[in-house]
Novice: 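After the structure tokens below, expect a handful of questions from me.
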Amino acid sequence: MSNECKYEINTKHGELLIVDEPLNYEDSKQVCESLSSILAPMNNEEIIQEISSHLTPCNATAYHGNTFPRQRDVMKWTGGLETYRNNGKWSNGVEYNDTLHDNLFMDDAGPMYSLTCKTAYLEPTEKLLAFDSCSDERPFVCMRLPVVPEAKEDRTTHLFIIGLAMICIVLFLFQMLRFGKCMARGGNKLKRGTVRQAADDLERRALDA
């Protein structure tokens, strides 16, 4: 066994952060959160296969510089599932589903009714999960989900919308200008008609007198 232990591994599911220090379920979640990640949710066969393939024997380096072997393949790893009274939820918020998830466990044994918290753990050599108490301390794997890039704004569409808005404004101003001219013409006609009517009235009054 000559390979060095890896602690950060990129996968299509996200970046895996392997933590060999055993912690209970709640403490493991907090450590993952401090690393901007979540406790790896081992809720499908593909993820279990991927994680198990990286939990292999390796050489770790101690603080004093010496190396020592880590038998990661025979260790039991927290599996990112918390259950209580037959209700389970994975660390990514997905509810436990008997149909989808029971086959991930040894003997298809899903969550059992219990008044205490239970969590799943992974046996890498078996590539299957089993249940134990949430208070048990085990090594764990954090998962930093891939960042989905923001959709780039379509510059062509943006310019088209601006151009269309400018055309609408110009047409609106043109219509307002035409409306103003029409109002002015109408006012002049009304004014001329009123003057003429007044002159006619004065002429009739003069004839009557």
Side-chain angles (χ1 to χ4, degrees), residues 1-60 67-146:
M1 182 178 62
S2 60
N3 59 312
E4 292 186 8
C5 292
K6 295 181 180 179
Y7 300 95
E8 299 182 12
I9 301 169
N10 288 315
T11 73
K12 68 177 182 180
H13 303 290
E15 184 181 12
L16 301 181
L17 309 174
I18 300 176
V19 182
D20 294 293
E21 180 183 357
L23 294 175
N24 62 37
Y25 186 82
E26 193 61 35
D27 289 343
S28 299
K29 284 201 306 182
Q30 292 180 9
V31 169
C32 290
E33 289 173 3
S34 70
L35 297 172
S36 301
S37 59
I38 61 173
L39 198 58
M42 304 181 192
N43 54 1
N44 64 61
E45 291 183 5
E46 189 177 6
I47 291 179
I48 289 176
Q49 293 284 339
E50 178 78 53
I51 292 176
S52 297
S53 69
H54 297 295
L55 298 178
T56 56
C58 59
N59 286 320
T67 60
F68 61 95
R70 282 196 185 278
Q71 302 295 332
R72 285 177 169 174
D73 57 327
V74 296
M75 300 167 71
K76 297 177 180 180
W77 299 78
T78 298
L81 172 68
E82 185 177 14
T83 69
Y84 181 69
R85 293 188 175 182
N86 274 14
N87 296 316
K89 181 178 288 188
W90 298 94
S91 51
N92 60 352
V94 175
E95 298 287 341
Y96 188 92
N97 182 297
D98 293 345
T99 304
L100 297 176
H101 302 135
D102 274 1
N103 64 330
L104 304 177
F105 289 81
M106 298 178 186
D107 301 323
D108 292 341
M112 304 294 290
Y113 185 86
S114 174
L115 295 177
T116 60
C117 175
K118 296 288 186 181
T119 186
Y121 67 83
L122 169 69
E123 292 194 5
T125 54
E126 299 292 336
K127 296 180 176 59
L128 289 170
L129 302 173
F131 275 102
D132 213 336
S133 171
C134 290
S135 61
D136 286 351
E137 296 185 343
R138 302 191 183 284
F140 56 98
V141 179
C142 301
M143 179 179 289
R144 188 175 290 149
L145 301 179

Novice: For residues Ser91 and Met143, determine if any side-chain heavy atom of one lies less than 4.5 Å from a side-chain heavy atom of the other.
Specialist: no

Novice: Out of curiosity, His13 NE2 to Glu46 CD, how far, rounded to the nearest 0.5 Å?
Specialist: 4.0 Å

Novice: Please confirm whether the backbone N or O of Pro57 pairs with a side-chain atom of Asn3, one donor and one acceptor, at under 3.5 Å?
Specialist: yes

Novice: Do Cys134 and Glu26 touch side chain to side chain, with heavy atoms closer than 4.5 Å?
Specialist: no

Novice: Between CG of Leu16 and CD1 of Ile18, what distance do you get to the nearest 0.5 Å?
Specialist: 6.5 Å

Novice: Which atom names give the shortest non-hydrogen contact between Pro124 and Met75, and what distance separates them?
Specialist: CD-O, 3.2 Å

Novice: Does atom NZ of Lys127 have more than 12 heavy-atom neighbours from other groups under 6.0 Å away?
Specialist: yes

Novice: For the CH2 atom of Trp90 and the CG atom of Asn44, what is their distance to the nearest 0.5 Å?
Specialist: 9.0 Å

Novice: With heavy-atom distances below 4.5 Å as the criterion, would you say the side chains of His101 and Asn43 are in contact?
Specialist: yes

Novice: For Glu123 and Leu128: C-alpha separation, side-chain torsions, deciding distance, then whether side-chain contact (heavy atoms from CB on, under 4.5 Å) applies.
Specialist: CA-CA 6 Å; Glu123 292 194 5; Leu128 289 170; over 6 Å; no

Novice: Do Met42 and Leu104 have side chains that get closer than 4.5 Å, going by heavy atoms?
Specialist: no

Novice: Quick one: do Asp132 and Lys76 make a salt bridge, cutoff under 4.0 Å?
Specialist: no

Novice: Between Ser37 (side chain) and Cys32 (backbone), is there a donor-acceptor pair under 3.5 Å?
Specialist: yes

Novice: Measuring from Leu23:CG to Leu39:CG, what's the distance to the nearest 0.5 Å?
Specialist: 10.5 Å

Novice: Are Val141 and His54 close enough, and set up right, to give a side-chain contact (heavy atoms from CB on, under 4.5 Å), and what steps lead you there?
Specialist: CA-CA 11 Å; Val141 179; His54 297 295; over 6 Å; no

Novice: Side-chain contact, heavy-atom cut-off 4.5 Å: Tyr96 with Asp102?
Specialist: yes

Novice: Taking Arg72's backbone N and O only, do any of them form a donor-acceptor pair with Trp77's side chain (distance below 3.5 Å, no angle check)?
Specialist: yes

Novice: Should we count CD of Glu45 as having more than 12 external heavy atoms under 6.0 Å?
Specialist: no

Novice: For residues Pro69 and Asn59, report the shortest heavy-atom separation together with the two atoms involved.
Specialist: CA-OD1, 3.9 Å

Novice: Once you round to the nearest 0.5 Å, how far does OG1 of Thr56 lie from CD of Gln71?
Specialist: 10.0 Å

Novice: Which heavy-atom pair separates Ser34 from Val31 by the least distance, and what is that distance?
Specialist: OG-O, 2.5 Å

Novice: Taking Ser52 for its side chain and Gln49 for its backbone only, find out whether a donor-acceptor pair lies under 3.5 Å.
Specialist: no

Novice: Between the side chain of Thr83 and the main-chain N/O of Lys118, is any donor-acceptor distance below 3.5 Å?
Specialist: yes

Novice: Are any of the side-chain heavy atoms of Leu55 and Asp73 separated by less than 4.5 Å?
Specialist: no

Novice: Work out which heavy atom in Glu21 is nearest to a heavy atom in Phe140; give both atom names and the distance.
Specialist: O-CE2, 3.6 Å

Novice: Hey, could you give me the OG1/OH distance between Thr78 and Tyr121, rounded to the nearest 0.5 Å?
Specialist: 11.0 Å

Novice: Restricting to non-hydrogen atoms, name the atom on Ala40 and the atom on Ile51 that form the minimum distance, rounded to 0.1 Å.
Specialist: CB-CD1, 3.9 Å

